[in-house]
Amino acid sequence: MLAIVTGGTAGIGRHIAAALAAHGATVIVTGRDPDRGAEAAADINGRFIAVDHTSVSANAELASRLRDEANPVDILVNNVGALPLGQPAVTDEGHEVSLAVNYLGPVTLTDGLLPLLAPGAHVVNVVSSAYAIYRGDPFTAPEPYVGIVAHGRAKQLHLLATLSLARRLGDGALVNAVNPGMAWTPGTQALTRESVPQWRLIWPIVRFFQRRASAQRAATAPVAWALRPPSTGRYVESDGKPRPLPDRLTDPALQDRAWRYPVEPR
Ligand SMILES: NC(=O)c1ccc[n+]([C@@H]2O[C@H](COP(=O)([O-])OP(=O)(O)OC[C@H]3O[C@@H](n4cnc5c(N)ncnc54)[C@H](OP(=O)(O)O)[C@@H]3O)[C@@H](O)[C@H]2O)c1
């Protein structure tokens, strides 16, 4: 059983990778830092591939490299996803960072890996309940920039793309989006008051609870849906149970556009 866990060298992803390895999977983990990657891979007798997932072309290159190796993929966990920044940032390719790492990159990688997915493969896209924050047109960048809103929009687009892919693959694969819930991880530790203005006044309380939120526990629902997904095309909350989406996100045409947007020429 071959599994890929993006951002699997720290935080929630590291626990997902460890749990999949404990269930007998050979796990490929990705990340940017080679030392952390080597250590994480050694821990689970897996393999590390260095990649910056904010780069759309790097995601496409990773998929191409794995296609060349031609090993069928049983489990793909698109876990990587930066939490919001206080200030807007743009990648070298000209994309807003949150959109790039939470949506454009993962969809590009998944699209490139489709030929490798084993029959009945499981795909888990790690999203966030922050998807619900953004109520505008998901294909229009929110103005002015607010970190948590940009993050929510990117997660919403990834969630929509997940549902489109699940329909497209039918019985061929089980594809779901899972919110792991709050966890104290490198990403959470890097948050600032400016990232989430709504929390500015209660910041010490937010930090109190974040520090106590276990990344291992947050890995539970993504792991369950990676190993034994009971259905496909679901949005799953951190308790492991599927939830309905607001009506505005159930339109198949909107979902299909979210899938096509990063992978088709515009
Ligand atoms: N933590 C929470 O409270 C929370 C809540 C809801 C949803 N989520 C979602 O859960 C997922 C995991 O969250 P997390 O907090 O564990 O994340 P994190 O702490 O930011 O992620 C750490 C892992 O991701 C890798 N990584 C980060 N940016 C990368 C990049 N640009 N390219 C390649 N690898 C990168 C890190 O390795 P390198 O640093 O070496 O690159 C490391 O392996 C994300 O999708 C997040 O949005 C988290």
Side-chain angles (χ1 to χ4, degrees), residues 4-18 27-41 43-44 46 48-59 61-62 77-85 89 91-93 95-109 124-133 147-148 150-159 162 177-191 195-196 199 206-207 209-223 225-226 235-239:
I4 300 172
V5 181
T6 66
T9 65
I12 298 167
R14 186 157 179 171
H15 291 284
I16 295 173
V27 186
I28 298 174
V29 291
T30 65
R32 292 162 300 184
D33 184 305
D35 294 333
R36 188 164 37 225
E39 189 206 313
D43 255 13
I44 57 170
F48 169 68
I49 301 180
V51 56
D52 181 351
H53 287 287
T54 58
S55 159
V56 175
S57 57
N59 280 283
E61 279 160 27
L62 173 62
V77 183
N78 283 303
N79 162 75
V80 78
L83 285 153
L85 303 162
T91 68
D92 292 346
E93 295 169 338
H95 303 297
E96 189 271 314
V97 167
S98 205
L99 192 73
V101 73
N102 289 292
Y103 166 58
L104 299 173
V107 172
T108 302
L109 177 63
V124 168
N125 291 332
V126 179
V127 293
S128 161
S129 54
Y131 85 82
I133 289 175
I148 188 64
H151 179 75
R153 175 209 176 201
K155 291 295 195 191
Q156 183 180 115
L157 281 161
H158 198 199
L159 170 57
T162 307
V178 182
N179 169 35
M182 188 192 286
W184 188 243
T185 64
T188 322
Q189 288 159 33
L191 275 175
S195 316
V196 196
W199 288 349
V206 169
R207 291 312 245 182
F209 285 109
Q210 284 180 339
R211 277 200 189 86
R212 282 153 187 80
S214 145
Q216 185 169 17
R217 190 215 50 79
T220 309
V223 167
W225 283 73
Y235 167 68
V236 178
E237 261 300 345
S238 53
D239 60 6

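Order of appearance sets the numbers: ligands from 1, and atoms from 1 within every ligand. For reference, positions follow the sequence shown, starting with 1.
- In this structure, Ala183 and Thr188 approach most closely via the heavy-atom pair O-OG1, 2.5 Å.
- For atom 40 (O) of ligand 1, the closest non-hydrogen atom on the protein side is Asp33 N, 2.8 Å.
- Of the candidates Asn79, Ile16, Leu191, Val126, it is Asn79 that places a heavy atom closest to atom 12 (C) of ligand 1.
- Under the 4.0 angstrom criterion for non-hydrogen atoms, Val29 is not in contact with ligand 1.
- Within ligand 1, counting atoms from 1 as listed, the ones closer than 4.0 Å to a heavy atom of Thr54 are 31 (N).
- Closest to atom 31 (N) of ligand 1, if we only count protein heavy atoms, is Asp52 OD1, 3.0 Å.
- Here Pro180 has side-chain heavy atoms under 4.0 Å from ligand 1, and that is the only part of it that gets that close.
- Ala130 approaches His151 most closely through the heavy-atom pair CB-CD2, 4.0 Å.
- For the atom pair OG1 (Thr162) and OH (Tyr103), the distance works out to 10.0 Å, reported to the nearest 0.5 Å.
- Using a 4.0 Å cut-off to heavy atoms of Pro186, the atoms of ligand 1 that qualify are 19 (O).
- Listed by number with element, the atoms of ligand 1 under 4.0 Å from a non-hydrogen atom of Thr188 are 1 (N), 2 (C), 3 (O).
- Of all the atoms in ligand 1, the ones that sit under 4.0 Å from a non-hydrogen atom of Gly11 are 16 (O).
- When the shell of 6.0 Å around CG of Asp92 is examined, it contains 12 or fewer heavy atoms from other residues, nucleotides or ligands.
- Closest to atom 33 (C) of ligand 1, if we only count protein heavy atoms, is Val51 O, 3.1 Å.
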Go through the steps for Arg207 and Gln210 under the test side-chain hydrogen bond (donor to acceptor under 3.5 Å, both in side chains), then give the verdict.
CA-CA 5 Å; Arg207 291 312 245 182; Gln210 284 180 339; 2.7 Å; yes
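- Protein heavy atom in closest approach to atom 13 (O) of ligand 1: Ile12 CD1, 3.9 Å.
- If you check which protein heavy atom lies closest to atom 42 (C) of ligand 1, you get Thr9 OG1, 3.5 Å.
- Listed here is the closest heavy atom pair of Ala154 and Ser98: CB-O, 3.5 Å.
- Each of the atoms 44 (C), 45 (O), 46 (C), 47 (O) of ligand 1 lies under 4.0 Å from some heavy atom of Gly81.
- At least one heavy atom of Lys155 sits closer than 4.0 Å to an atom of ligand 1.
- Here is the list of ligand 1 atoms found below 4.0 Å of a heavy atom in Gly187: 18 (P), 19 (O), 20 (O).
- Both the backbone and the side chain of Arg32 come within 4.0 Å of ligand 1, counting heavy atoms alone.
- Counting the atoms of ligand 1 from 1 in the order shown, those under 4.0 Å from a heavy atom of Ala10 are 22 (C), 23 (C), 42 (C), 43 (O).
- Ser55 and Glu93 form a side-chain donor-acceptor contact under 3.5 Å, judged by distance and modelled atom types alone.
- The CH2 atom of Trp225 sits 14.5 Å away from the CD1 atom of Ile16 when rounded to the nearest 0.5 Å.
- The side chain to side chain contact (heavy atoms under 4.5 Å, CB included) test with Thr6 singles out one residue from Val77, Val101, Val29, Leu109, and that residue is Leu109.
- For atom 15 (O) of ligand 1, the closest heavy atom belonging to the protein is Thr185 OG1, 2.5 Å.
- Minimum heavy-atom separation, Ala40 to Thr9: CB-CA, 3.7 Å.
- Nearest to atom 39 (O) of ligand 1 by heavy atom, out of His151, Arg14, Arg36, is Arg36.
- Nearest protein neighbour of atom 2 (C) of ligand 1, counting heavy atoms only, is Ala183 N, 3.5 Å.
- Using a 4.0 Å threshold on non-hydrogen atoms, atom 21 (O) of ligand 1 does not count as touching the protein.
- Counting non-hydrogen atoms of other residues, nucleotides and ligands closer than 6.0 Å to CD of Gln189 gives a total above 12.
- The contact set between ligand 1 and Val80, taken as ligand atoms under 4.0 Å from a residue heavy atom, comprises 26 (N), 29 (C), 34 (N), 35 (C), 45 (O).
- At least one heavy atom of Gly181 sits less than 4.0 Å from an atom of ligand 1.
- With a 4.5 Å cut-off on side-chain heavy atoms, His158 and Asn102 do not count as touching.
- Counting protein heavy atoms only, atom 6 (C) of ligand 1 is closest to Asn179 OD1, 3.6 Å.
- For Thr30 and His53, the side-chain atoms include at least one donor-acceptor pair closer than 3.5 Å.
- With rounding to the nearest 0.5 Å, the separation of OG in Ser238 from CZ in Arg217 is 5.5 Å.
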